[in-house]
Amino acid sequence: MFKIYYKAPFCYLSLHSDGQKLVKVDFEDEALSEKSCEILEHASYELDLYFAKKLKKFSVELDINSTIFENSVYKALLNIPYGTVKSYKQIAQDIGRDKAFRAVGNANAKNKLPIFIPCHRVVASNSLGGYSGGLHIKRFLLDLEGVNLASLRA
């Protein structure tokens with residue numbers, strides 16, 4: 001396994017790879033020892049571009065290793081365009097499970113590849129909803145992408 005730390009504007013992100021694909025992203029308070037690989041260097045490069053507002057869709061290969069339901073949610077999240085949001089209910093409808101909006105929220109909470117799988121683009125009907133990295137990070141990411149947060153409560 002390989003791991004590096006990326007200094008994001010709001011915290012460190014630990015990026016994990018099996019050498020072939022990006023397998024996990026964690027929010028961290030500090031950077032520790034590293035062991036890099038080509039995939040992690042590419043992921044860091046793409047994050048640089050994303051935070052500079054020069055990249056709207058990531059191309060780094062992801063290892064989405066979850067349940068069938070979670071995989072369907074994550075694939076739907078990957079189709080949410082940069083700078084837009086969808087509700088948990090809309091994602092449930094997109095995957096053909098109209099009443100599964102709570103399960104969509106649970107899948108988002110289990111997302112091992114935040115930012116790359118943009119669960120920050122999923123909101124509740126009239127609020128931001130939750131975010132594993134904290135609402136301050138979700139707000140930052142949505143603001144970076146130009147989403148108007150005025151209509152959403154904290």
Side-chain angles (χ1 to χ4, degrees), residues 1-97 100-101 103-123 128-147:
M1 287 297 276
F2 300 91
K3 178 167 85 172
I4 63 169
Y5 290 86
Y6 179 86
K7 178 65 176 129
F10 42 79
C11 70
Y12 286 97
L13 300 173
S14 62
L15 308 176
H16 305 252
S17 171
D18 61 6
Q20 302 296 312
K21 297 178 181 179
L22 189 65
V23 298
K24 186 176 175 187
V25 176
D26 282 322
F27 300 98
E28 307 282 355
D29 293 327
E30 61 184 341
L32 303 171
S33 62
E34 301 182 335
K35 183 177 180 188
S36 194
C37 67
E38 188 176 324
I39 292 293
L40 295 179
E41 295 301 321
H42 182 64
S44 292
Y45 173 72
E46 287 195 338
L47 284 170
D48 284 342
L49 294 175
Y50 172 76
F51 287 119
K53 298 182 181 184
K54 294 179 180 177
L55 180 76
K56 295 184 179 189
K57 190 165 180 80
F58 293 100
S59 67
V60 67
E61 188 115 10
L62 306 175
D63 181 8
I64 305 173
N65 187 11
S66 300
T67 67
I68 293 169
F69 177 80
E70 289 166 353
N71 283 345
S72 68
V73 170
Y74 300 149
K75 287 177 184 172
L77 300 183
L78 289 167
N79 289 319
I80 302 173
Y82 177 97
T84 62
V85 295
K86 282 194 168 188
S87 70
Y88 297 102
K89 183 178 181 178
Q90 288 172 310
I91 297 298
Q93 291 168 338
D94 288 350
I95 64 169
R97 302 281 303 271
F101 49 90
V104 167
N106 288 335
N108 274 6
K110 294 178 183 177
N111 179 7
K112 292 187 262 179
L113 295 161
I115 303 173
F116 293 92
I117 297 176
C119 56
H120 61 277
R121 295 180 189 152
V122 182
V123 298
L128 279 178
Y131 193 66
S132 61
L135 287 181
H136 67 290
I137 294 175
K138 185 172 189 170
R139 271 189 212 93
F140 179 92
L141 295 170
L142 292 175
D143 186 55
L144 175 79
E145 293 184 13
V147 173

Mind checking whether Thr84 and Ile80 have side chains closer than 4.5 Å, heavy atoms only? yes
If we ignore hydrogens and angles and just use 3.5 Å, is the side chain of Lys21 paired with the main-chain N or O of Val60 as donor and acceptor? no
Verdict with reasoning, Val73 to Asp94, per side chain to side chain contact (heavy atoms under 4.5 Å, CB included): CA-CA 9 Å; Val73 170; Asp94 288 350; over 6 Å; no
What I want to check is whether the side chains of His42 and Ser44 have a donor and an acceptor closer together than 3.5 Å. no
Quick check: are there more than 12 heavy atoms from other residues, nucleotides or ligands sitting under 6.0 Å from CD of Glu28? yes
Does Glu46 use its side chain to pair, donor to acceptor, with the backbone of Ser59 at less than 3.5 Å? yes
Quick one: OG on Ser14 to OH on Tyr6, what's the gap to the nearest 0.5 Å? 14.0 Å
Can you tell me how far the NZ atom of Lys112 sits from the CD atom of Glu70, to the nearest 0.5 Å? 8.5 Å
Does His136 reach the side chain of Phe140, with side-chain heavy atoms less than 4.5 Å apart? no
side-chain hydrogen bond (donor to acceptor under 3.5 Å, both in side chains) assessment of Tyr5 paired with Lys3: CA-CA 7 Å; Tyr5 290 86; Lys3 178 167 85 172; 3.1 Å; yes
Steps toward side chain to side chain contact (heavy atoms under 4.5 Å, CB included) verdict (Asp26, Tyr12): CA-CA 8 Å; Asp26 282 322; Tyr12 286 97; over 6 Å; no
Taking the side chain as everything from C-beta on, heavy atoms only, tell me whether Asp18 gets closer than 4.5 Å to Met1. yes
Inspect the surroundings of CD in Glu34 and state if more than 12 heavy atoms from other residues, nucleotides or ligands are less than 6.0 Å away. yes
Got a second to check how far Ser17's OG is from Lys35's NZ, nearest 0.5 Å? 11.0 Å
Contact check, side chains of Phe2 and Leu15, non-hydrogen atoms, under 4.5 Å: no
Do Tyr131 and Asn108 meet the criterion of a side-chain donor-acceptor pair at a distance under 3.5 Å? no
Ring centroid separation Phe58 to Tyr50 under 6.0 Å: yes
Any Ser66 side-chain heavy atom under 4.5 Å of Lys110 side chain: no
For the residue pair Ala76 and Ile95, what are the closest heavy atoms and their distance? CB-CG2, 3.8 Å
Output the distance between atom CD (Gln20) and atom CD1 (Ile39), rounded to the nearest 0.5 Å. 7.0 Å
For the pair Asn79 (side chain) and Lys75 (backbone), establish whether a donor and an acceptor sit closer than 3.5 Å, ignoring hydrogens and angles. yes
Do His120 and Glu145 pair up side chain to side chain, a donor and an acceptor below 3.5 Å, judged on atom types alone? yes
If you look at every heavy atom in Ser87 and Val122, which pair is closest and at what distance? C-CG1, 4.0 Å
Nearest heavy-atom pair of Leu113 and Val23: which atoms, and what distance? CD2-C, 3.5 Å
Side-chain heavy atoms of Leu128 within contact of Leu142, under 4.5 Å: yes
For residues His16 and Leu22, report the shortest heavy-atom separation together with the two atoms involved. O-CD1, 3.4 Å
Which pair of heavy atoms, one from Gln90 and one from Lys86, lies closest together, and at what distance? OE1-CA, 3.2 Å
Check: Ile137 and Arg139 side chains under 4.5 Å, non-hydrogen atoms: no
Measuring from atom OG of Ser132 to atom NZ of Lys138, what distance do you get when rounded to the nearest 0.5 angstrom? 9.5 Å
Geometric class of the Phe27/Phe10 ring pair [parallel <30°, tilted 30-60°, perpendicular >60°]: tilted
Are Leu144 and Phe51 packed together at the side-chain level, in the sense that at least one heavy-atom pair is separated by less than 4.5 angstrom? yes
Within a radius of less than 6.0 Å around NZ of Lys7, do more than 12 heavy atoms belonging to other residues, nucleotides or ligands occur? yes
How long is the span from the CG atom in Asn71 to the CG atom in Asn65, to the nearest 0.5 Å? 7.5 Å
Using every non-hydrogen atom in the two residues, find where Arg121 and Gly83 come nearest and quote the distance to one decimal. NE-N, 4.4 Å
Full working for side chain to side chain contact (heavy atoms under 4.5 Å, CB included) between Tyr88 and Ile91: CA-CA 5 Å; Tyr88 297 102; Ile91 297 298; 5.8 Å; no
Could you tell me if Lys89 sits above the aromatic ring of Phe101, with its cationic atom closer than 6.0 Å to the ring centre and no more than 45 degrees from the axis? no
